[in-house]
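A short worksheet on the structure shown next.
Since we're looking at a predicted model, the values are computed, not measured. Naming: A, B, ... by sequence-line order, numbering from 1 per chain.
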There are 2 protein chains.
Amino acid sequence: MKTKIPEPTLRRLSYYLRYLERFKEKGLEIISSKELSKGLGLSDAQVRRDLFTLGDFGKRGVGYNVDNLISFLNTFLGLDETQSTVLVGYGNLGKALLHYKGFKKRKFLITHVFDNDERLIGKRIAGAEIMDSKHLGKVCKKEMIKYGIIAVPASSAQEIVDRMIECGIKAILNFAPIKVHVSDGIVVSSVDLTTELEWLSYHMHHTKASKKYKVKKDLIARSPSTSSG
Amino acid sequence: MKTKIPEPTLRRLSYYLRYLERFKEKGLEIISSKELSKGLGLSDAQVRRDLFTLGDFGKRGVGYNVDNLISFLNTFLGLDETQSTVLVGYGNLGKALLHYKGFKKRKFLITHVFDNDERLIGKRIAGAEIMDSKHLGKVCKKEMIKYGIIAVPASSAQEIVDRMIECGIKAILNFAPIKVHVSDGIVVSSVDLTTELEWLSYHMHHTKASKKYKVKKDLIARSPSTSSG
DNA sequence: TAGATTGTTAATCGATTAACAATC
DNA sequence: TAGATTGTTAATCGATTAACAATC
């Protein structure tokens, strides 16, 4: 393995892995950089570059062995063993996450759920017990849990992050639309629907196709210059 | 406005906007690149560079006017007017999304929901009517809807994308863990929990802190070399 | 004026792309 | 051998960072 792997490469590995699994289901054993790139909308040069950075997987003139690559990626990404995970916040989003099958499939097992709503506390749903948020620290320390998922409002997200770190959690998946601050050695991944929506919105308003719509609709209110570019 | 705005800059705009709104709530009218950068974990140079790329907002020796910046960003991102949106898939995730308040706040209004489950069809939830998926095209064309949200399994995501494009939808927010292919002029944003989880998993297994844990646990099964680096 | 902070250019850094020799 | 495809280096492209003159 080479010294430093670029972040964009690392993030593409998930896509490679999933595509390879689908490819394998078709019964195919060897894949070329070209096939892999086409399926994922990348260039073949990029695929080769990425795999070259990780190690030595291919055979010149032949391609890459699908099984080898899959098992390497699984190990490399740390997906071989089950990870206990806590979920904080059992609103609409938390509920959906607890039932989301993708977690289990990737060996993330939500073992405890925390919320403030007394009506929920003590219930057992989808194999996880719902507990009072005040017990977060105690449980995480005792069970040595290292993964936490945050599905609380933006206003309390930073507080939950701080408490998670305090009790030994090292990796956090944050759904609150806020940039949370963490200390060294803690990794946070944020899923921010708001940002994605605004990204879409921006494109709708700045592509030529959409301009046509906009101008048609707002012809009177807008200055003529908006229809250009 | 300058010719080309880098994608990373565009994606940061959402964060700027939200931070500025919080800043404004405190009653503050002027913000410096330094304050803005600290709140978002960026460098002040980057903030100045980003804002410089967008236009001419600051006053040397003073800072940036918060109100001006907020209203510019709102307009620039196209958030001034309500956008009708359809949601396809009313499983756990779809349900959570329909109730998620962040959409409404950013003027994305889910007007129609589509699903195959006959028991749901005809119901009216949170202001949206649940309809049979086969009517997707008819409704989108008639209402001229341009935004679609996909909350169906990976296996049917591409088909729904194709049908959305066919009926005039231009921007798609995809939650299925798959790379979907679209034609020119269509923008897709994918929220992929699986990738985020694997990103976290990778970091847990490749940071020094986690290595200690791993080695302790797997001491016997692993070769000594895994504990280095 | 003196201090602060932006606007803007140039330097740096890092990722992607292109090209082709190596080799199956 | 001839054709295919990787491994690997160098060229290109683009974003970030640094620096400081302009100016409030």
Side-chain angles (χ1 to χ4, degrees), chain A residues 1-16 19-20 23 28-70 72-73 76 179 195 199 202 206, chain B residues 1-16 19-20 23 28-70 72-73 76 179 195 199 202 206:
Chain A
M1 191 190 317
K2 310 299 178 337
T3 30
K4 226 231 153 187
I5 299 156
E7 170 165 343
T9 296
L10 288 170
R11 289 196 167 262
R12 278 192 292 271
L13 299 186
S14 291
Y15 286 95
Y16 289 157
Y19 190 79
L20 288 165
F23 198 81
L28 300 162
E29 288 174 14
I30 301 289
I31 193 166
S32 70
S33 55
K34 206 168 177 180
E35 288 169 295
L36 194 39
S37 69
K38 239 197 300 188
L40 294 169
L42 308 168
S43 72
D44 57 329
Q46 186 162 62
V47 169
R48 283 203 299 283
R49 195 73 174 82
D50 283 347
L51 297 181
F52 167 67
T53 308
L54 295 173
D56 198 22
F57 301 103
K59 257 205 180 75
R60 294 173 201 234
V62 181
Y64 300 91
N65 180 294
V66 176
D67 272 338
N68 284 357
L69 217 40
I70 288 176
F72 169 79
L73 288 173
F76 186 74
K179 171 93 193 173
T195 299
W199 170 248
Y202 167 80
H206 290 263
Chain B
M1 192 190 315
K2 309 299 175 338
T3 31
K4 225 232 154 186
I5 299 156
E7 170 163 343
T9 297
L10 287 170
R11 288 196 167 263
R12 279 193 291 273
L13 298 186
S14 290
Y15 286 94
Y16 290 157
Y19 190 79
L20 288 165
F23 198 81
L28 299 162
E29 288 173 14
I30 301 288
I31 194 167
S32 71
S33 57
K34 207 169 177 181
E35 287 170 295
L36 195 38
S37 70
K38 241 197 299 186
L40 294 169
L42 308 168
S43 71
D44 56 329
Q46 186 163 62
V47 169
R48 283 203 298 285
R49 195 73 175 80
D50 283 348
L51 297 181
F52 167 67
T53 307
L54 295 174
D56 197 23
F57 302 103
K59 256 206 182 73
R60 293 175 203 233
V62 180
Y64 298 92
N65 179 293
V66 176
D67 273 337
N68 284 357
L69 218 41
I70 288 176
F72 169 79
L73 288 173
F76 185 74
K179 171 92 193 172
T195 299
W199 171 248
Y202 167 81
H206 289 263

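- The distance from atom CD of A:Gln46 to atom P of D:dC13 is 16 Å, rounded to the nearest whole Å.
- Out of C:dA10, C:dT6, D:dT9, the shortest distance to the side chain of B:Arg49 is found at C:dA10.
- Rounding to whole angstrom units, CG of residue B:Leu51 and C1' of C:dT8 are separated by 14 Å.
- Closest approach of A:Ile31 and A:Leu20 over heavy atoms only: CG2-CD2, 3.9 Å.
- Separating the CG atom of A:Asp50 from the C1' atom of D:dT8 is a distance of 14 Å, rounded to the nearest angstrom.
- Within the 4.5 Å cutoff, the side chain of A:Tyr19 has heavy atoms near those of the A:Phe23 side chain.
- Pair assignment for D:dC24: C:dG3, on the basis of Watson-Crick or G-U wobble contacts that are both within less than 3.5 Å.
- Contact of the A:Asp50 side chain with the A:Arg12 side chain is registered, since non-hydrogen atoms from C-beta on lie closer than 4.5 Å.
- Here the C1' atom of nucleotide C:dA22 and the NZ atom of A:Lys59 are 15 Å apart, to the nearest Å.
- Of the candidate nucleotides D:dG7, C:dT17, C:dT9, D:dG7 has the atom lying nearest to any side-chain atom of A:Arg48.
- By the 4.5 Å heavy-atom criterion applied to side chains, B:Val47 and B:Tyr16 are counted as neighbours.
- When rounded to the nearest whole Å, the span between CZ of A:Phe52 and C1' of D:dA10 equals 13 Å.
- Comparing A:Arg12 and B:Val62 by the nucleotide of DNA chain C that holds the closest heavy atom to each, the one mapping nearer the 5' end is B:Val62.
- Nearest nucleotide to the B:Ser43 side chain, out of C:dT8, D:dT17, D:dG7: D:dT17.
- Atoms CD (B:Glu7) and C1' (D:dC13) sit 15 Å apart, rounded to a whole Å.
- For A:Ala45, taking side-chain heavy atoms from C-beta onward, the closest of the listed nucleotides C:dA18, C:dA15, D:dA15 is C:dA18.
- One finds a side-chain N or O of B:Ser33 lying less than 4.0 angstrom from the OP1 or OP2 phosphate oxygen of C:dT6.
- Of the candidates A:Gln46, A:Lys38, A:Arg48, A:Arg48 is the only one forming a side-chain hydrogen bond (donor to acceptor under 3.5 Å, both in side chains) with A:Ser33.
- In the set C:dA15, D:dA18, D:dC24, D:dC24 carries the atom at the smallest distance from any side-chain atom of B:Arg60.
- Within the shown strands, D:dA19 is the pairing partner of C:dT8 under the Watson-Crick or G-U definition, both distances less than 3.5 Å.
- Here the nucleotide nearest the side chain of A:Tyr64, chosen from D:dG7, C:dT16, C:dT5, is D:dG7.
- Residue A:Ile31 contributes atom CD1, which lies 21 Å from atom P of C:dC24 at whole-angstrom precision.
- Per the geometry, CG belonging to A:Leu10 stands 11 Å off P belonging to C:dT16, to the nearest Å.
- Between A:Thr9 and A:Gly61, the residue anchored closer to the 5' end of DNA chain C is A:Thr9, taking for each the nucleotide with the nearest heavy atom.
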